[in-house]
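Just so we're on the same page: letters track the sequence lines, and every chain starts at 1.
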2 protein chains.
Amino acid sequence: MYSALMSTSERLIEATRELLWERGYVGTSPRAVQQAAGAGQGSMYHHFAGKPDLALAAIRRTSEEMGAAAEAVLGGEGTAYARIEAYLLRERDVLRGCPVGRLTMDPEVIADPVLRAPVDEALGRLRARLAEVVREGLDSGELSASLDADEIAATVVSTVQGGYVLARATGSRAPFDSAVRGLLSLLTPRTAAG
Amino acid sequence: MYSALMSTSERLIEATRELLWERGYVGTSPRAVQQAAGAGQGSMYHHFAGKPDLALAAIRRTSEEMGAAAEAVLGGEGTAYARIEAYLLRERDVLRGCPVGRLTMDPEVIADPVLRAPVDEALGRLRARLAEVVREGLDSGELSASLDADEIAATVVSTVQGGYVLARATGSRAPFDSAVRGLLSLLTPRTAAG
DNA sequence: GTCTATAGAACGATAGAC
DNA sequence: GTCTATCGTTCTATAGAC
């Protein structure tokens, strides 16, 4: 149930975002969305053509938010390494996982090009933005010249996404934190062996 | 539909494994399992108490299989680095993702301690086994002494699990391969800067 | 814009004949 | 062990009154 100060269509989108995050597309029913939004059957189908249409609105917003949150950290001050570190260490509700990455495990999202598009774009942009920062680190000599920017960007995003998997499996954020620390230790410039 | 040479209960388990992999627990109905297994309603409820019971049998088997597949590579010949590399590069149906890791995104699996247990065990054992190999690499001087075995193990597993997420988002295995190559480039012993 | 009523199908499970 | 019949609920959506 959301604030009465929000329009019905807003409440429907926000309720859908929450449910998609927690239960995925397959596990989210229009009925559950309506109840969470405090809206009737008729309202939902007045504002949206159906479940896929409502889900699309919700996914688009979540994807945009993810991009903004990443940019807030990656576009900040500091060295390339510091910004990558800030991205990896930024506050997260680890056990809830990533609201965007989560959708990639949903067969009906992946099967529908329209629903998959915002997911693909959000993760693609994140990788591209991280690759830029890595390139800065390569140019400045902060990171080993033997590294490939696109590859490292993919590794960074994968570590985060996979960290969620490990955390949810154990029911604790510990493995997520371990994975991140492990990656940071690998990225740390070593001027000499050992 | 599975071979008539398999018992009904076997066919039910195998069909469930396939459907859990593709559609998850929430998205898999007893009805769909029965059709895929070529078994009737009555047969399924004769052999299994219900959907959770059948899913448990399927998840246990998948988790065991994952452990065996990992051990086949990690317990093989070669240096620590070579075995980690072999694990990361081993043949995978990348776009299908990990049949175990996938379940961590399922709210009903995570909410049920009995269903979550085999998932937790499989990924926990994998991390522990990888940590052993990393320790060998640290002892032999193959890997930088500044690294922590448990952390690196978590990073390795996370990269794989997260790589699936990126691959499924784009519809291509390319980002998975990038993430793995990136991790390998970070793990590669560098005796001097650059 | 929102409501209630209704629809046909699928959900997960049980009962009881064979 | 397997079958068909049935159950009450939920799914996603449409219709039509207000």
Is it the case that Lys51(A) places NZ or CZ above or below the six-membered ring of Tyr45(A), under 6.0 angstrom from the centre and within 45 degrees of the axis?
-> no

Given dA10(C), is OP1 or OP2 found less than 4.0 Å from the side-chain N or O atoms of Ser29(B)?
-> no

Report yes or no: is the cationic atom of Arg92(B) (NZ for Lys, CZ for Arg) under 6.0 Å from the centre of the six-membered ring of Tyr87(B), at an angle within 45° of the ring normal?
-> yes

For Glu142(A) and Tyr81(A), the nearest pair of non-hydrogen atoms, with its separation, is OE2-N, 2.8 Å

When rounded to whole Å, the OH to P distance for the pair Tyr45(A) and dA5(C) reads 18 Å

Would you mind reading off the distance between Gln41(B) atom CD and dC11(C) atom P, rounded to a whole angstrom?
-> 10 Å

Interatomic distance where NE2 belongs to His47(A) and P belongs to dT12(D) [whole Å] = 20 Å

Does His46(A) place a side-chain N or O at less than 4.0 Å from the phosphate oxygens OP1/OP2 of dG1(C)?
-> yes

Whole-Å gap separating C1' (dT14(C)) and CG (Asp53(B)) | 16 Å

Looking at Thr8(B), does any N or O in its side chain come under 4.0 Å of the phosphate oxygens OP1/OP2 on dG1(D)?
-> no

Separation of Met44(B) atom CE from dC3(D) atom C1', in whole Å?
-> 15 Å

To the nearest Å, how far apart are Gln35(B) CD and dG12(C) C1'?
-> 14 Å

Which whole-number value in Å describes the distance from Phe48(B) CZ to dT14(C) P?
-> 16 Å

Identify, between Lys51(A) and Ser9(B), the residue whose nearest nucleotide on DNA chain D lies closer to the 5' end.
-> Ser9(B)

Give Gly40(A) one of three labels, base, sugar-phosphate or nothing, depending on what nucleic acid heavy atoms sit under 4.0 Å from its own.
-> sugar-phosphate

Shortest non-hydrogen contact between Ala154(A) and Ser178(B), atoms and distance = CB-CB, 3.8 Å

Can you tell me the distance, in whole Å, between the CZ atom of Arg31(B) and the P atom of dC7(D)?
-> 17 Å

